[in-house]
Protein chains: 2
Amino acid sequence: MESQRIASLVERLGNLLRSEDRVTGSGAGLVPIHMQILRYLSACNRYSDTPAGVGEFVGATKGTTSQSINVLERKGYLKKRPDKEDGRIVHLGLTAKAERFIEKEFPPAEFADAVAGMRPGDRKRLSGLLNELLILLQRQNEGIAFGVCNTCRYFKRDGLGDTHQCGLTSEPLTEQESFMICREHEYPSEKAV
Amino acid sequence: MESQRIASLVERLGNLLRSEDRVTGSGAGLVPIHMQILRYLSACNRYSDTPAGVGEFVGATKGTTSQSINVLERKGYLKKRPDKEDGRIVHLGLTAKAERFIEKEFPPAEFADAVAGMRPGDRKRLSGLLNELLILLQRQNEGIAFGVCNTCRYFKRDGLGDTHQCGLTSEPLTEQESFMICREHEYPSEKAV
DNA sequence: CTTAATAGTTTCGAGTCGAAACTAATAATG
DNA sequence: CATTATTAGTTTCGACTCGAAACTATTAAG
């Protein structure tokens, strides 16, 4: 079956990516899941930089997530900061050390070289097809999408498109924020908006 | 950069696949790496069903691999069998219990459904592009390819193509064996054969 | 005001994982 | 042929993942 072949290939490529994460992380005492957490925190918006957001993204229970976050904090890669309005919520901020680290180590060099060896048209096609598959998978699972704000059903463009707003919180978004990952993200439904 | 986007997508899809492995495996007390080992053993040929082969495939050290194999043996999913010619080598055979299990659980149902939601042409294209990327990655890494025999540079078709042979061991291969994963596999070089 | 729901933490036991030290068997070399 | 690699696997160690379950604290709902 074709789906089996695609599953095998995705699994294998994912393993190679994880292996590279393992190698590049080992010098800093980090394991692959730590790398993923740091990357997520560097790309998510201010509603999503919490232990709950991290846990949903990496697909772990809150207990496991809490422990991984503690390890990262102990090693000096992030700092916790209480939410000003809700006493239960904790925000996670990357330290400068963490920012430098992920900037340098992602995407993994070998993987990037291999992608560079593809024809430009093939790269675009591959990227598009993977994205299509991911959206299908998430829609079907009722799963959390973790898309960026400007592809969200709640995203609102005011006036000439130079000011943005989140329809869920009614808060304004900067241009930069509209490209960040949000845990409340939902793609527009198939039929209509 | 495009390679970063592709890396993120592959990583994310790989995680979802691993999550499904985790769920389907948990009932049997297996973790994702166990599922991968069982699948590898069900698809590899008689030169590759050893701890060393497993370790190369999953990208772990031999110490780690040895431990995972012991867990699987203890749980009754595989049996060790010494090699007849070389006293150092151990062959790993799946039990009937293991065969049944992997037959039922792969590919993960949700992933397969999502793939089924793509247009047939897109499925084919995606499969081909992923395969291309994997070959590029492995060629560049001098990595082990783990391809199937009939795509190997050492594979020989005798006469009318109804008998096959491995040029490395000079042993005959059955039709079925020519579709199995081999750790000695090498793709034909780019220029010439 | 009481009850539920939400956000996080802590503890437990089984397992991963790399590193390093180890045994045993085969291959290479002088 | 005896010595010295090399190869295949195992074992032990410490740090960490991971799910499950019990826990605290805060906010929301009835």
Side-chain angles (χ1 to χ4, degrees), chain A residues 15 18-38 47-75 77-92 144 183-184, chain B residues 15 18-38 47-75 77-92 144 183-184:
Chain A
N15 283 349
R18 261 170 51 91
S19 287
E20 284 208 59
D21 264 359
R22 192 174 291 287
V23 172
T24 55
S26 70
L30 302 179
V31 299
I33 192 76
H34 294 155
M35 311 282 277
Q36 284 191 39
I37 291 173
L38 294 182
Y47 310 127
S48 314
D49 61 348
T50 65
V54 169
E56 287 162 4
F57 186 79
V58 303
T61 60
K62 52 189 186 174
T64 299
T65 306
S66 181
Q67 293 178 77
S68 298
I69 286 170
N70 283 340
V71 171
L72 283 169
E73 189 180 28
R74 201 160 60 238
K75 290 186 192 287
Y77 288 94
L78 55 81
K79 266 213 276 284
K80 293 181 185 175
R81 179 171 47 79
D83 188 275
K84 291 196 170 64
E85 267 120 49
D86 190 330
R88 295 168 300 183
I89 296 178
V90 170
H91 293 275
L92 304 169
I144 297 152
R183 56 183 287 220
E184 310 286 357
Chain B
N15 283 348
R18 261 170 50 91
S19 288
E20 285 208 58
D21 264 358
R22 193 174 291 286
V23 171
T24 54
S26 71
L30 302 179
V31 297
I33 191 74
H34 294 155
M35 309 282 277
Q36 284 190 41
I37 292 173
L38 294 182
Y47 311 126
S48 312
D49 61 348
T50 64
V54 169
E56 287 163 4
F57 186 80
V58 303
T61 60
K62 51 189 186 172
T64 300
T65 305
S66 181
Q67 292 178 79
S68 298
I69 286 170
N70 283 340
V71 170
L72 283 169
E73 188 180 28
R74 202 160 60 239
K75 290 186 192 290
Y77 287 93
L78 55 81
K79 267 213 275 281
K80 294 181 184 174
R81 179 171 47 79
D83 188 274
K84 290 191 171 68
E85 267 120 49
D86 190 331
R88 296 168 300 183
I89 297 178
V90 169
H91 292 275
L92 304 169
I144 298 151
R183 56 183 289 221
E184 311 286 356

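Because the structure is a prediction, the values reported are computed rather than measured. In what follows, every heavy atom counts, from backbone to side chain, and hydrogens, waters and symmetry copies are set aside. Chain identifiers are assigned alphabetically (A, B, ...) following the order of the sequence lines, protein sequences preceding nucleic acid strands; residue numbering begins at 1 within each chain.
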Phosphate OP1/OP2 of D:dC16 contacted by A:Arg74 side-chain N/O (<4.0 Å): yes

Exam field: side chain B:Ser26 to backbone B:Val23, donor-acceptor pair closer than 3.5 Å: yes

Under-4.0 Å side-chain N/O to phosphate OP1/OP2 contact, B:Lys80 with D:dT10: yes

Sugar-phosphate, base or nothing in reach of B:Thr50, heavy atoms under 4.0 Å: sugar-phosphate

Evaluation steps, side-chain contact (heavy atoms from CB on, under 4.5 Å), between B:Val31 and B:His34: CA-CA 5 Å; B:Val31 297; B:His34 294 155; 3.6 Å; yes

B:Arg81 CZ to D:dA8 C1', straight-line distance once rounded to whole Å: 16 Å

Integer-rounded Å distance: D:dT26 P and A:Glu85 CD: 16 Å

Nearest non-hydrogen partners of B:Leu92 and B:Thr50, listed with the distance: CD1-C, 3.8 Å

Residue closer to the 5' end of DNA chain C, B:Val58 versus B:Gly87 (nearest nucleotide): B:Val58

Gap between atoms CG and P, on B:Asp21 and C:dT16 respectively (whole Å): 14 Å

Sugar-phosphate, base or nothing in reach of B:His34, heavy atoms under 4.0 Å: sugar-phosphate

Name of the residue among A:Ile89, A:Asp49, A:Val90 meeting side-chain contact (heavy atoms from CB on, under 4.5 Å) with A:Arg81: A:Asp49

B:Lys79 NZ: over 12 foreign heavy atoms closer than 6.0 Å: no

B:Leu72 and B:Leu30, any side-chain heavy atoms less than 4.5 Å apart: yes

Protein-nucleotide distance (B:Gln36, atom CD; C:dC17, atom C1'), rounded to Å: 14 Å

C:dG15 OP1/OP2 closer than 4.0 Å to side-chain N/O of B:Lys75: yes

Rounded interatomic separation in angstrom, taking CG from A:Asp83 and C1' from D:dT26: 12 Å

Rounded interatomic separation in angstrom, taking CG from B:Leu30 and C1' from C:dT16: 14 Å

Residue whose nearest DNA chain C nucleotide is more 5′ - A:Arg18 or A:Arg88: A:Arg88

Length of the CD-C1' vector between A:Glu73 and D:dC16, whole Å: 17 Å

Proximity to DNA chain C (any heavy atom under 4.0 Å), residues of residues 63-71 of chain B only: B:Thr64, B:Gln67, B:Ser68, B:Val71

Length of the CG-P vector between A:Asn15 and C:dT16, whole Å: 15 Å

Atom pair NZ/CD1 of B:Lys62 and B:Ile69 - distance to nearest 0.5 Å: 13.0 Å

